[in-house]
Every structure is written in structure tokens, then in C-alpha cells.
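Scroll down for the structure; my scribbles are underneath it.
As the structure is a computational prediction, the values presented were derived from the model and not from experiment. Note that the numbering runs from 1 along the sequence shown for the chain.
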Amino acid sequence: MSEEKKAAATRYHRKTLLDAADRLLMQYGYDGMNMNMLAKEAGYSKATVYVYLSSKDEIVRLLCIERLKLLRKEFSVILKNDGDAQEKLEAVLAVLDEFAAEDSTYFDFICSSEFADEFSEAPDSAKQLSALVKDILDELSALMPREELKNKWYAYYGRIKTEKMFGKSDGAKK
């Protein structure tokens with residue numbers, strides 16, 4: 001088999017596995033999904049799953065990267081729109097609210113991931129995820145200084161996690 005055909009087969013199998021993993025993660029969450037379930041859902045043996053994907057963390061990182069690329073496009077449109085920094089920030093937060101609600105497994109994974117690009121032994125997917133998050137933060141820093149953006153992020157993420165644990169308070173603002 002030619003190298004081109006091998007690469008195409010690998011892309012096909014990885015895509016099939018990632019699609020199945022996405023369905024399982026959306027249904028059962030990170031802790032509820034395992035590699036046995038993935039193998040069954042995709043119609044592969046567990047050994048075959050490990051030929052194409054090394055771990056559940058790698059799977060989630062790859063799916064997070066897909067989601068972040070979509071978010072990045074939405075943020076780019078927001079940043080190009082007319083309006084002041086506050087209006088743009090509110091639009092960014094609205095997109096993040098939607099992401100946190102609809103893709104909570106990925107939102108939580110991204111928020112809890114350590115940035116691994118400093119460590120040479122980190123998997124490529126961890127480095128890629130880290131670089132993408134940093135690129136997005138760099139782009140959003142056009143709205144305000146990075147330190148202020150970071151402080152707003154901590155407040156935002158804290159609010160989201162608190163609402164997940166305890167529900168929205170009557171005075172919570174969106």
C-alpha cells in the first residue's frame with residue numbers, strides 16, 4: 001500500500017473513532033466514556049482503537065482543538081465587527097456561554113488542561129491545544145490588556161463552574 005493510501009486510511013479511521021468518541025462524550029461526559037465503549041460504538045477492537053489514538057485524553061484534546069477552531073472563527077468575526085471593546089467582550093462571553101452549555105465536556109477539559117508546550121515530552125495534541133488557546137488569547141487581547149482579560153476569564157470561569165454546581169442565583173447576570 002502506498003504511503004498516500006496509508007495516510008488516507010489513517011485519517012478515515014481516526015475520523016470514525018473521533019466521531020464515535022464525540023457522540024459518547026456528549027452523552028456520558030469525560031468520566032462516563034471509556035475506550036471499551038469507544039471500540040464498541042465505532043465497531044473496532046480495543047487494540048485497533050489504540051493503533052490510531054493513544055488515550056482518552058488525546059481523543060478529548062483533538063476534539064477540543066476542533067471546537068476551538070470554530071470558536072476562533074466566531075471570535076474573529078466579533079473582533080472585526082463595529083462596536084466598542086465592551087460590546088465585543090459581551091459578544092465573546094455570549095459565545096463562551098453557549099459553548100459552556102452545549103459542549104461542557106470540552107469547555108471543562110480546556111479550562112482544566114495544563115499548558116504543556118513547555119514540556120518537550122508532552123504529546124503533540126497537548127502542544128497544539130496549548131498553542132491554539134494562547135493564539136486565541138492573543139487575538140482577544142485586542143479588547144483589553146492581557147492581564148485584565150485574564151482576570152475577567154477567572155471571574156467568568158468561576159461563575160460558570162459555580163452555576164453548574166449550585167444553579168444560577170436570582171441576581172446572576174448573564
Side-chain angles (χ1 to χ4, degrees), residues 14 17-35 37-38 53-79 81 85-174:
R14 284 175 63 101
L17 289 163
L18 289 171
D19 289 346
D22 188 41
R23 287 190 301 274
L24 292 170
L25 287 162
M26 296 307 286
Q27 184 173 358
Y28 300 106
Y30 180 85
D31 292 329
M33 197 255 328
N34 62 50
M35 298 304 258
M37 292 170 73
L38 175 58
L53 299 162
S54 65
S55 68
K56 183 165 69 168
D57 279 356
E58 179 190 23
I59 291 166
V60 177
R61 277 191 299 267
L62 292 170
L63 292 168
C64 285
I65 289 166
E66 287 179 14
R67 298 297 198 288
L68 280 177
K69 286 179 179 178
L70 295 173
L71 283 178
R72 187 178 190 183
K73 287 178 184 177
E74 289 186 54
F75 294 158
S76 178
V77 169
I78 290 168
L79 292 173
N81 285 340
Q86 186 60 37
E87 291 170 329
K88 291 177 183 181
L89 182 61
E90 287 173 12
V92 166
L93 291 177
V95 169
L96 285 173
D97 281 342
E98 184 179 332
F99 179 56
E102 293 180 11
D103 291 323
S104 62
T105 297
Y106 303 118
F107 179 83
D108 290 343
F109 190 87
I110 291 165
C111 293
S112 65
S113 292
E114 294 182 29
F115 293 99
D117 61 350
E118 302 168 15
F119 307 105
S120 59
E121 67 276 358
D124 285 343
S125 58
K127 293 176 186 176
Q128 192 177 2
L129 179 59
S130 175
L132 187 54
V133 169
K134 287 181 179 181
D135 287 348
I136 290 170
L137 286 173
D138 286 344
E139 291 165 10
L140 292 177
S141 68
L143 299 175
M144 64 188 56
R146 192 177 185 98
E147 196 59 33
E148 188 178 342
L149 187 64
K150 192 166 106 176
N151 290 336
K152 285 191 180 286
W153 171 255
Y154 287 132
Y156 171 80
Y157 182 63
R159 177 180 60 83
I160 294 293
K161 294 306 288 180
T162 301
E163 287 175 1
K164 279 186 177 183
M165 288 175 58
F166 303 110
K168 283 188 182 181
S169 68
D170 292 336
K173 68 179 211 186
K174 198 72 173 126

With Asp108 via salt bridge (charged side-chain N to carboxylate O under 4.0 Å, His left out) - residues at least two apart: Lys161, Lys164
What's the shortest heavy-atom distance between Glu58 and Ser125, and which atoms? CG-OG, 3.7 Å
Smallest heavy-atom separation, Leu18 atom then Leu63 atom, equals O-CD2, 3.8 Å
Centroid-to-centroid, Phe107 to Tyr157, below 6.0 Å? yes
Quick check: do Asp103 and Met26 have side-chain heavy atoms less than 4.5 Å from each other? yes
Output for pair (Glu98 CD, Leu93 CG), nearest 0.5 Å, gives 13.0 Å
Reported CG-to-CE distance for the pair Leu24 and Met35, which is rounded to 0.5 angstrom: 11.0 Å
Going by atom types only, do Asp22 and Tyr106 share a side-chain donor-acceptor pair under 3.5 Å? yes
Under 4.5 Å between any side-chain heavy atoms of Asp97 and Arg159, yes or no? yes
With a 4.0 Å cut-off on N to O distance, would you call Arg14 and Asp19 a salt bridge? no
Tell me, do Phe109 and Asp57 make a side-chain contact under 4.5 Å, heavy atoms counted? yes
Contact between Arg72 and Ser76 at the side-chain level, heavy atoms closer than 4.5 Å - yes or no? no
Please check: side-chain N/O of Lys88 versus main-chain N/O of Asn81, any donor-acceptor pairing under 3.5 Å? yes
Applying side-chain contact (heavy atoms from CB on, under 4.5 Å) to Phe99 and Arg67, what does each step give before you reach the verdict? CA-CA 9 Å; Phe99 179 56; Arg67 298 297 198 288; 3.8 Å; yes
Under 3.5 Å, is there a donor-acceptor pair between the side chain of Lys56 and the main chain of Met33? yes
Over all atoms of both residues, closest heavy-atom pair of Ala100 and Ile160: CB-CG2, 4.0 Å
Contact summary for Tyr156 and Leu96, nearest pair of heavy atoms: OH-C, 3.0 Å
Quick one, Arg146 and Lys150 - any side-chain contact, counting heavy atoms below 4.5 Å? no
Rounded to the nearest 0.5 Å, how far does CZ of Arg61 lie from OG of Ser54? 7.0 Å
Would Leu62 and Leu129 count as a side-chain contact (heavy atoms from CB on, under 4.5 Å) if you check the C-alpha gap in whole Å, the side-chain angles of each, and the deciding distance to 0.1 Å? CA-CA 8 Å; Leu62 292 170; Leu129 179 59; over 6 Å; no
Where is the tightest heavy-atom contact between Leu149 and Ser141, given as atom of each residue plus distance? CD2-N, 3.8 Å
Just do the side-chain contact (heavy atoms from CB on, under 4.5 Å) check on Leu140 and Leu89 with the steps written out, would you? CA-CA 9 Å; Leu140 292 177; Leu89 182 61; over 6 Å; no
For Leu38 and Leu17, the nearest pair of non-hydrogen atoms, with its separation, is CD1-O, 3.4 Å
Verdict with supporting geometry, Gln128 and Leu132, side-chain contact (heavy atoms from CB on, under 4.5 Å): CA-CA 6 Å; Gln128 192 177 2; Leu132 187 54; 5.8 Å; no
Measuring only between side-chain heavy atoms, which start at C-beta, is Glu74 closer than 4.5 Å to Val92? no
Determine whether Met37 and Tyr28 make a side-chain contact, defined as any pair of heavy atoms from C-beta on separated by less than 4.5 Å. yes
